[in-house]
Asks: 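Mind having a look at this structure? Questions to follow.
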Amino acid sequence: LSKLPLRGKKVLITAGPTFESIDPVRFIGNHSSGKMGFELAETASNLGANVILISGPTNEKLKSKSIQLKLITSSDQMFEEVVNKYRSADVVIMSAAVADFKPKSISNKKLKKSNQNLSIEVEKTKDILSHLGKTKTNQLLIGFALETDNEIENAKSKLINKNLDLIILNSLNDKGAGFGFDTNKVSIISKENKIINFPLKHKKDVSLDMINNIIELINE
Ligand code: CTP
C-alpha cells in the first residue's frame with residue numbers, strides 16, 4: 001500500500017458543466033456529462049490521492065467512498081469552492097466545462113414568451129483557471145482545451161497564458177471523443193513543449209494516461 005504513487009497528495013478535480021440562471025426555470029449550460037472528471041477522480045483516488053471533486057450538474061455516480069464530492073451549479077459557486085480548496089492542494093485538474101458567459105442579471109420571474117424579441121444580455125464568467133494560474137504557489141495546475149482549428153497552437157498559448165503545467169487537448173474533430181461519449185482522444189502538452197498524442201480510448205484509460213503524466217511531474 002505504501003507504494004501507491006499519490007499517497008499523501010491532495011488532488012482537486014472539477015467536473016461537469018455549469019448552469020447559469022436566466023430566470024427561475026431556465027439556464028445557459030452545455031453538454032458536458034462529467035464523465036472525464038469523475039474518471040480522473042476515481043483513478044487518482046485508486047492511486048492513493050486524497051481527492052476532492054467539485055462538480056456541476058451530472059448523472060455520474062462515484063464508486064470510491066473516499067472521494068470528497070461537492071456539487072455546485074453555477075460558475076460563481078465553482079469559483080468559490082475551488083479557490084477555497086486551492087491553497088492546500090498539490091494538484092489541480094480543471095476538467096469542468098465552465099460556462100464562458102452568464103446572464104448579466106437573473107430575472108426573478110419567469111420570462112414570458114409574449115416578449116416578442118427577447119434578448120438576453122450576457123457577461124463573461126470569471127476564468128477560474130486563469131485565476132489559479134495567477135495565484136499559484138506550489139500546485140501543479142492542469143487545464144483542458146477544446147479546440148476546432150489550430151488546435152496545438154491554441155492549446156499551447158492557453159498553457160502559457162494561464163500559467164499551467166500541463167494542458168489536455170480535446171479535439172472536437174475526432175469522432176467518439178468529448179462531450180457525452182464514454183471515449184475520448186487527447187493530446188497532452190507540457191510546459192517544455194513535449195506533446196503526446198493518444199489514440200481513442202475509454203475515458204477510464206484516458207484518465208490513467210493523464211494521471212501517469214502528472215505523477216511523472218511530481219517525481220521530477
Ligand atoms: N475554464 C475556467 N473558467 C472559465 C472557463 C474555462 O476555469 N470561466 C477552464 C476550463 O475548466 C478548462 C480551460 O479553462 O480547463 C479551457 O477552457 P476553454 O473554454 O477551452 O478556453 P477559454 O480560455 O475559454 O478560451 P476560448 O474560448 O478562447 O477557446
Side-chain angles (χ1 to χ4, degrees), residues 4-15 32 36-37 39-41 43-45 47-54 75 78-79 81-98 100 124-174 177-178 184-201 203-220:
L4 289 174
L6 289 176
R7 222 183 121 113
K9 299 290 177 199
K10 189 164 155 191
V11 179
L12 182 60
I13 299 171
T14 65
S32 169
M36 195 63 250
E39 291 291 3
L40 282 163
T43 300
S45 171
L47 293 173
N50 193 338
V51 178
I52 301 175
L53 177 62
I54 301 170
S75 59
M78 182 166 278
F79 181 88
E81 286 298 328
V82 172
V83 169
N84 253 321
K85 307 271 165 22
Y86 188 46
R87 230 175 212 296
S88 58
D90 298 295
V91 177
V92 181
I93 312 175
M94 277 297 300
S95 59
V98 184
D100 288 318
K124 275 197 174 159
T125 56
K126 287 180 207 144
D127 189 328
I128 305 171
L129 193 55
S130 290
H131 178 83
L132 300 181
K134 284 185 192 125
T135 53
K136 183 151 91 172
T137 51
N138 289 311
Q139 302 88 345
L140 282 178
L141 190 55
I142 294 96
F144 277 70
L146 191 62
E147 308 286 348
T148 46
D149 41 48
N150 267 329
E151 301 172 295
I152 298 278
E153 281 319 305
N154 284 338
K156 272 188 202 163
S157 18
K158 245 172 234 180
L159 172 96
I160 295 161
N161 295 337
K162 298 192 184 189
N163 193 22
L164 310 180
D165 297 280
L166 286 179
I167 193 153
I168 317 293
L169 170 63
N170 274 306
S171 167
L172 267 184
N173 302 326
D174 293 307
N184 203 4
K185 188 167 171 256
V186 304
S187 301
I188 300 183
I189 308 172
S190 75
K191 264 197 312 212
E192 292 74 29
N193 223 346
K194 190 176 85 177
I195 304 175
I196 314 174
N197 298 305
F198 293 93
L200 189 73
K201 296 180 179 195
K203 283 182 176 170
K204 188 190 210 36
D205 301 315
V206 177
S207 74
L208 189 59
D209 291 334
M210 291 184 207
I211 299 289
N212 278 334
N213 248 269
I214 294 168
I215 292 170
E216 266 179 44
L217 289 187
I218 291 175
N219 294 335
E220 253 172 22

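Keep in mind that what you see is a predicted model, and the values were worked out from it rather than measured. Sequential numbering from 1 along the given sequence is applied to the chain's residues. In what follows, every heavy atom counts, from backbone to side chain, and hydrogens, waters and symmetry copies are set aside.
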Asks: Would you confirm whether Ser95, through its side chain, and Thr14, through its main-chain N or O, come within 3.5 Å as a donor-acceptor pair?
Replies: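 Indeed, once roles are kept as given, a pair shorter than 3.5 Å links the two residues.
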Asks: So, using salt bridge (Lys or Arg N to Asp or Glu O under 4.0 Å) as the criterion, who are the partners of Glu153 when residues are at least two apart?
Replies: Lys156
Asks: Going by the salt bridge (charged side-chain N to carboxylate O under 4.0 Å, His left out) test, which pairs reach into residues 206-220, not counting sequence neighbours?
Replies: Lys194-Glu216, Lys201-Asp209
Asks: Please check this pair: side chain of Glu39 against backbone of Val206, looking for a donor-acceptor N/O pair closer than 3.5 Å.
Replies: no
Asks: Determine the sole option in Ile218, Ile211, Leu141 for which the side chain to side chain contact (heavy atoms under 4.5 Å, CB included) test with Val91 is passed.
Replies: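 Going through the options one by one, the only one that passes is Ile218.
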Asks: Taking atom CG of Asp90 and atom NZ of Lys10, what is their separation to the nearest 0.5 Å?
Replies: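 Between atom CG of Asp90 and atom NZ of Lys10 there are 8.5 Å.
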Asks: Could you state the interatomic distance from CD1 (Ile93) to CG (Leu40), rounded to the nearest 0.5 Å?
Replies: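 One finds 5.0 Å between CD1 of Ile93 and CG of Leu40.
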Asks: For Asn161, which residues count as a side chain to side chain contact (heavy atoms under 4.5 Å, CB included) partner, sequence neighbours excluded?
Replies: Ser157
Asks: Any chance CG of Asn138 has more than 12 other-residue heavy atoms, nucleotides or ligands included, within less than 6.0 Å?
Replies: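 It does not: Asn138 CG has 12 such atoms or fewer within range.
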Asks: Do Leu208 and Leu47 come close enough that some side-chain heavy atom pair is under 4.5 Å?
Replies: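 A side-chain contact under 4.5 Å exists here.
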Asks: Around atom NZ of Lys203, are there more than 12 heavy atoms from other residues, nucleotides or ligands closer than 6.0 Å?
Replies: yes
Asks: Can you tell me how far CG of Asn213 sits from CG of Leu166, rounded to the nearest 0.5 angstrom?
Replies: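 Interatomic distance, Leu166 CG to Asn213 CG, rounded to 0.5 Å: 6.0 Å.
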Asks: For the pair Asn170 (side chain) and Val186 (backbone), establish whether a donor and an acceptor sit closer than 3.5 Å, ignoring hydrogens and angles.
Replies: no
Asks: With sequence neighbours left out, what residues match Lys162 under salt bridge (Lys or Arg N to Asp or Glu O under 4.0 Å)?
Replies: Asp127
Asks: Check whether any side-chain N or O of Lys136 sits under 3.5 Å from a backbone N or O of Asn163 as a donor-acceptor pair, and report yes or no.
Replies: yes
Asks: Hydrogens and angles aside, do Ser75 and Thr125 bring a side-chain donor and acceptor to less than 3.5 Å of each other?
Replies: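 Their side chains do not contain a donor-acceptor pair, so the 3.5 Å distance test is not met.
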Asks: Please identify each residue that fulfils side chain to side chain contact (heavy atoms under 4.5 Å, CB included) with Asn197, with sequence neighbours left out.
Replies: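 Counting only residues at least two positions away or on another chain, Asn197 forms a side chain to side chain contact (heavy atoms under 4.5 Å, CB included) with Ser187, Ile195.
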Asks: To the nearest 0.5 Å, what is the distance between CD on Glu192 and CG on Leu217?
Replies: 7.5 Å
Asks: Could you pull out all residues at least two apart from Ala89 that satisfy side chain to side chain contact (heavy atoms under 4.5 Å, CB included)?
Replies: Leu12, Val92
Asks: Rounded to the nearest 0.5 Å, how far apart are CG of Leu6 and CG of Asn50?
Replies: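 Rounded to the nearest 0.5 Å, the CG-CG separation comes out at 10.5 Å.
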Asks: Roughly how far, to the nearest 0.5 Å, is CD1 of Ile167 from CG of Asp165?
Replies: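 With rounding to 0.5 Å, CG (Asp165) is 11.0 Å from CD1 (Ile167).
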